[in-house]
Amino acid sequence: MSERKIATVFGGSGFLGRHVVRRLAEDGYIVRIAVRDTEGAKFLRPMGGVGQIVPLYAPLELEADVSRAVAGAGLVVNLVGILSESRKGDFTRIHAEGAGRVARLAAAAGVARLIHVSAIGADAASPSAYGRSKAAGEQAVRAAFPSAAILRPSILFGAEDDFFNRFAAMAVTLPLIPIVHGATKLQPVYVDDVAAAVMAARAPEAAGEIFELGGAAQKTFRELVALTLAYTGRHRTILDLPVGVARLLACLPGVALTNDQISMLARDNVVAPGAQGLAALGIVPTLMEMALPLYLARYRAGGKGANSVFQE
């Protein structure tokens, strides 16, 4: 009888996580979903056989639970990340301290492979706390587990994304779409391509390497919103707000955009020249034009409705 393959995925119930879990299950792994909300992760169980996918309570700040989650695993994948803080210091606690704890305990447990998913914006000199905390996380991972493969994706797109869906939903109800830093370049990457990159990064050649994952096209923020409007058939004015006005609005309750995100948008979010990317992992990027029309169709007048869920 062959030895069981065990993988622990921190943040496995998230947007990217469910794609990673499905691929791992298809490859025969017993998959531990290390999350804070185990009930919320139970929807993943049908992706595998009986007992193949196991939600585990393992918040990143709890040493004993993280240690239990990685014990006996041959592969650990850390996908945990947040775009805004619920309380001050969350970026550091989750992206830096949490990432370092996973790496340290994985090393102590004798885990063979660690894959850490960071972000293209990771930079100790970033104008945003998000970017600085991502860089601190990479440093902590590298110090504790030098052979970890680090993946830095750009903005993810896919049926349940929080980018194109957000602007498509805004276009249903608003006469204009407010943005900031409209000239900033972004390089959206398909969520399942990043999941494929996680699988490819298990290879020995990827150990200790950094891969920046961007899609086939670089477009400005304004161009991406315009593309969203085109695929939803909505004719709306795109209003590029002055940064000062955007920062004032970000201070109001109920506004989705934070001042840290405004700072993050001041920089291009694209694969750096010469960086290893999807091609180095043997992956051809999925074109936005292949996926966006399918799941944005529900926002069209007479479509399936903005609350329907497109299944990939």
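Side chains included, hydrogens not; waters and symmetry mates left out as well; all remaining heavy atoms used. Throughout, residue positions are numbered sequentially from 1 according to the sequence presented.
Across all their heavy atoms, Ala183 and Thr220 have their closest contact at O-CG2, 3.7 Å. The shortest non-hydrogen separation linking Asn259 to Cys251 is ND2-SG, 3.7 Å. The two residues Ala7 and Leu24 have their closest heavy-atom pair at CB-CD1, 4.0 Å. Nearest heavy atom pair, residue Ile53 against residue Gly48, reads CD1-N, 3.5 Å. The minimum heavy-atom distance linking Ala195 with His19 is given by the pair CB-CB, 3.7 Å. Pairing each heavy atom of Ala250 with each of Leu257, the nearest pair is CB-O, 3.4 Å.
The aromatic ring centres of Phe157 and Tyr190 sit less than 6.0 Å apart. Centroid-to-centroid, the aromatic rings of Tyr299 and Phe167 stay 6.0 Å apart or farther.
Exactly one residue among His95, Arg152, Glu138 makes a side chain to side chain donor-acceptor pair (under 3.5 Å) with Ser118. That residue is Glu138.
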Using the side-chain contact (heavy atoms from CB on, under 4.5 Å) rule, take His181 and Val243 through it: C-alpha gap first, then chi angles, then the decisive distance, then the call. CA-CA 7 Å; His181 292 304; Val243 174; 3.4 Å; yes
Test log, rule side chain to side chain donor-acceptor pair (under 3.5 Å), inputs Gln276 and Glu209: CA-CA 9 Å; Gln276 295 186 100; Glu209 300 292 332; 2.9 Å; yes
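For the residue pair Ser263/Arg247, the side-chain donor-acceptor check at 3.5 Å is satisfied. Side-chain polar atoms of Thr184 and Asp268 form no donor-acceptor pair below 3.5 angstrom.
A salt bridge links Glu61 to Arg36: at least one charged side-chain nitrogen sits closer than 4.0 Å to a carboxylate oxygen. Electrostatic pairing of Lys42 and Glu39 counts as a salt bridge here, judged by a charged N lying under 4.0 Å from a carboxylate O. Using a cut-off of 4.0 Å between Lys/Arg side-chain N and Asp/Glu carboxylate O, Asp161 and Arg166 are scored as not salt-bridged.
Proximity of Val198 to Leu151: side-chain heavy atoms (C-beta onward) are separated by under 4.5 Å at one or more points. Between Lys134 and Gln139, the closest side-chain pair of non-hydrogen atoms is not below 4.5 Å. Between Phe164 and Val225, the closest side-chain pair of non-hydrogen atoms is not below 4.5 Å. Residues Asp240 and Arg222 have side chains in contact (heavy-atom distance under 4.5 Å, counting atoms from C-beta outward). When side chains are defined from C-beta on, Leu83 does not count as touching Asp260, because their heavy atoms never get closer than 4.5 Å. In this structure, the side chains of Arg87 and Asp90 come closer than 4.5 Å at one or more pairs of heavy atoms. Between Leu60 and Val80 the shortest side-chain heavy-atom distance falls below 4.5 Å. In this structure, Ile210 and Arg142 have side chains that are in contact, with non-hydrogen atoms separated by less than 4.5 Å.
Contacts of Asp27 classified as salt bridge (charged side-chain N to carboxylate O under 4.0 Å, His left out), with partners at least two apart in sequence or in another chain: Lys5, Arg202. Annotation: side-chain hydrogen bond (donor to acceptor under 3.5 Å, both in side chains) contacts of Asp193 (sequence neighbours excluded): Thr286.
By the 6.0 Å contact criterion, CD on Glu85 is enclosed, its count of non-hydrogen atoms from other residues, nucleotides or ligands being greater than 12.
At a threshold of 4.5 Å between side-chain heavy atoms, the hydrophobic network of Ile, Leu, Val, Met, Phe, Trp and Tyr places Leu44 and Leu156 in one connected group. One hydrophobic cluster, built from ILVMFWY side chains closer than 4.5 Å, cannot hold both Leu265 and Val270; they sit in different ones.
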